[in-house]
Amino acid sequence: MVERAGLPEPERLTQINGGVMAASGALMALGIMPRTSALALLASMVPTTVVGHPFWQLEGAERQGQMLHFSKNVAMMGGLLLVVADRGK
């Protein structure tokens with residue numbers, strides 16, 4: 001078994017990640033701290049995308065499907081970067 005340096009179990013990490021995404025998405029949708037919310041979403045999407053869609057480890061149709069989802073997430077991260085960079089009027 002791999003030593004995890006005091007990190008919570010994967011199931012708990014998934015729950016925390018989901019909570020961050022839900023809360024940040026809700027705050028962003030309501031226009032409350034949109035830049036901070038977008039940054040939190042961006043920070044949670046990076047590991048989610050890398051761990052959740054490892055297309056480089058797959059072949060065939062499964063690889064194509066995971067590459068599609070990976071690319072979709074990268075595109076959403078680009079949109080979040082625009083929100084983070086927006087300094088207003």
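Computation of the quantities below employed the complete heavy-atom set of this structure, encompassing side-chain atoms and omitting hydrogens, waters and symmetry-equivalent molecules.
Between the CZ atom in Arg12 and the CG atom in Leu7 there is a gap of 13.0 Å [rounded to 0.5 Å].
Ile16 and Val50 fall into different hydrophobic clusters, where Ile, Leu, Val, Met, Phe, Trp and Tyr side chains are chained together by heavy-atom contacts under 4.5 Å. Using a 4.5 Å cut-off between side-chain heavy atoms of Ile, Leu, Val, Met, Phe, Trp and Tyr, with links allowed through other members, Leu27 and Val84 fall into different hydrophobic clusters. Under the 4.5 Å side-chain heavy-atom criterion for grouping Ile, Leu, Val, Met, Phe, Trp and Tyr, Leu42 is not connected to Val51 through any hydrophobic cluster. With hydrophobic clusters built from ILVMFWY side chains whose heavy atoms lie under 4.5 angstrom apart, Val46 does not share a cluster with Leu13.
Scored by the side-chain contact (heavy atoms from CB on, under 4.5 Å) test, Val74 finds Phe70, Met77 as partners (sequence neighbours excluded).
Looking at Ser44, its side chain does come within 3.5 Å of a backbone N or O of Leu41 through a donor-acceptor pair.
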- When you look at Met28 and Met33, which way does the side-chain contact (heavy atoms from CB on, under 4.5 Å) test go after all the steps? CA-CA 7 Å; Met28 204 169 139; Met33 300 184 330; over 6 Å; no
Please list, one pair per line, the donor and acceptor atoms closer than 3.5 Å that link side chains of residues 55-69 to other protein atoms, with sequence neighbours excluded.
residue: Arg63; atom: NH1; partner: Phe55; partner atom: O; Å: 3.3
residue: Arg63; atom: NH1; partner: Leu58; partner atom: O; Å: 3.3
residue: Gln66; atom: OE1; partner: His53; partner atom: ND1; Å: 2.7

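Remark: the Asn73 side chain and the Thr48 side chain contain no N/O donor-acceptor pair separated by less than 3.5 Å.
Contact between Val83 and Pro34 at its shortest, heavy atoms only, is CG1-O, 3.6 Å. Contact record, Ser37 with Ile32: OG-O, 3.4 Å, taken as the closest heavy-atom pair.
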